[in-house]
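Here is the structure we will look at, set down as structure tokens.
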Amino acid sequence: MASTGRTKPTTSNLKKYIISSYILVWALIIFVAGPASLLFHAPPVVMWIVRNLIAWSPTYLLLIGWRHFRPDETRMTFVKRCFSGKVKALPLLASFALTFGISVLSLLLCAAVEGRAALSYISLGEVALPLSIFLSFTSGPTGEELGWRGFMREELNEKYGFLRSAVCQGLVWCFWHALLWAVDSEFTDWRAAPYIISNIVVITSITILMNIFLERHSNLLYAVMLHFGFNIIYVFLDAGILFFVILTVLYMVITPIAVLIRNKMVDKTTFSSYYHK
């Protein structure tokens, strides 16, 4: 297991952080986003900004309550370690292309099945394209990763092996979004079941893929780009439940392959290190 670089034993308050994150995000959705939409009828760009502030809640909760969650080191030491790995252009581009490409492939397959043009599922909406891209990038991709793939990943990696840690991270991250499945989804009939299953499978799979990149490159920018590659298409997407079913199947195929490749590379590295001792 790779070292986190911490010099003192972990005094994990991970459960406290997770519970606090859930309470905070649900309170913000109910008491901030709800009134902004239902009572004040805020325009789309204002609602987007509100959602972005909510998406950043895992980060400002972590940093404001730092001494309660990680009393054995300073915030700055932790943040520096999260971004300590060298950033390489090709792997960074690959991290974005992986999740973006899976979504595009799902869209193409969905279009083929339904006999529609792929572009017919894309709607630019009411917000200007450059602003949409900016707001998408400054939402979950930059707002959530310090908490989930920074703090939570380190804490779980202290306890579990790669796969179990990644799955636990994915499930926590997944159900953190659970309230949105009810209040911010058009799938409220029988389609809710496959939609929820899709969220569980896809979000957990993306977490595993993120952990593969982070294990190798030790910089949260890779997780940010994976997250952004996944999120950006949904800014413009207007697709039915078939898209999410196809997306789920693709992740169920691609993620195990990625894990097998990762395991072979780890075994090869371990053997090489042992052989050259």
### Summary
Of Val172, Asn211, Leu14, the one forming a side chain to side chain contact (heavy atoms under 4.5 Å, CB included) with Leu156 is Leu14

### Side-chain touch Trp173/Met210, heavy atoms, less than 4.5 angstrom
yes

### Query
Where does the angle between the aromatic ring planes of Phe230 and Tyr234 fall among parallel (under 30°), tilted (30 to 60°) and perpendicular (over 60°)?
tilted

### Query
Is it the case that Thr77 and Thr74 place a side-chain donor and acceptor less than 3.5 Å from each other?
yes

### Task
Please step through side chain to side chain contact (heavy atoms under 4.5 Å, CB included) for the pair Asn52 and Trp48, ending with a clear verdict.
CA-CA 6 Å; Asn52 281 18; Trp48 204 334; 3.4 Å; yes

### 4.5 Å side-chain heavy-atom contact, Arg70 and Glu155
yes

### Query
Measuring from Glu186:CD to Asp189:CG, what's the distance to the nearest 0.5 Å?
9.5 Å

### Query
Taking the side chain as C-beta and beyond, is there a heavy-atom pair between Leu146 and Leu63 under 4.5 Å?
yes

#### Entry: Salt-bridge criterion met for Arg149 and Glu144 (N-O under 4.0 Å)
no

#### Entry: Identified ring pair (Phe, Tyr, Trp, His ring centres under 6.0 Å) partner of Phe244 from the options Tyr251, Trp181, Tyr195
Tyr195

### Query
Are the aromatic rings of Tyr17 and Phe151 close, with centres under 6.0 Å apart?
yes

### Task
In sequence, state the C-alpha distance, the side-chain angles, and the governing distance for Leu242 and Glu114, and then conclude on side chain to side chain contact (heavy atoms under 4.5 Å, CB included).
CA-CA 9 Å; Leu242 178 62; Glu114 295 186 336; 3.6 Å; yes

### Evaluation steps, ring pair (Phe, Tyr, Trp, His ring centres under 6.0 Å), between Phe228 and Phe96
CA-CA 7 Å; Phe228 181 53; Phe96 172 85; 5.7 Å; yes

#### Entry: Backbone of Gly143 reached by a side-chain donor or acceptor of Thr59 within 3.5 Å
yes

### Query
Just wondering, more than 12 heavy atoms not from Phe83 lying within 6.0 Å of its CZ?
yes

### Query
Using 30° and 60° as the class limits, which term best fits the ring planes of His217 and Tyr222: parallel, tilted or perpendicular?
parallel

### Query
Counting N and O atoms only, with roles assigned by atom type, does the side chain of Ser120 sit under 3.5 Å from a partner on the main chain of Arg116, one being a donor and the other an acceptor?
no

### Query
Counting only N and O atoms by type, is there a donor-acceptor contact under 3.5 Å from the side chain of Ser136 to the main-chain atoms of Ser132?
no

### Message
Applying side chain to side chain contact (heavy atoms under 4.5 Å, CB included) to Ser198 and Val245, what does each step give before you reach the verdict?
### Response
CA-CA 7 Å; Ser198 178; Val245 172; over 6 Å; no

### Query
Taking the side chain as C-beta and beyond, is there a heavy-atom pair between Lys159 and Ser165 under 4.5 Å?
no

### Message
I'd like to know if the side chain of Ser20 reaches the main chain of Lys16, judged simply by a donor and an acceptor atom lying under 3.5 Å from each other, with no hydrogens or angles considered.
### Response
yes

### Message
When you compare the side chain of Ile196 with that of Phe187, does any pair of heavy atoms fall below 4.5 Å?
### Response
no

### Query
Checking Thr207 side chain against Gln169 main chain: does a donor-acceptor pair fall under 3.5 Å?
no

#### Entry: Short side-chain to backbone donor-acceptor contact, Trp148 and Gly170, under 3.5 Å
no

### Common cluster, Leu124/Met47, ILVMFWY with side-chain heavy-atom separation under 4.5 Å
no

### Query
Between the main-chain N or O of Arg81 and the side-chain N or O of Ser84, is there a donor-acceptor pair closer than 3.5 Å?
yes

### Side chains of Phe69 and Leu62 in contact at under 4.5 Å (non-hydrogen atoms)
yes

### Query
Is any side-chain heavy atom of Leu209 closer than 4.5 Å to a side-chain heavy atom of Leu98?
yes

### Query
Hey, are the side chains of Leu214 and Arg153 touching, using non-hydrogen atoms and a 4.5 Å cut-off?
yes

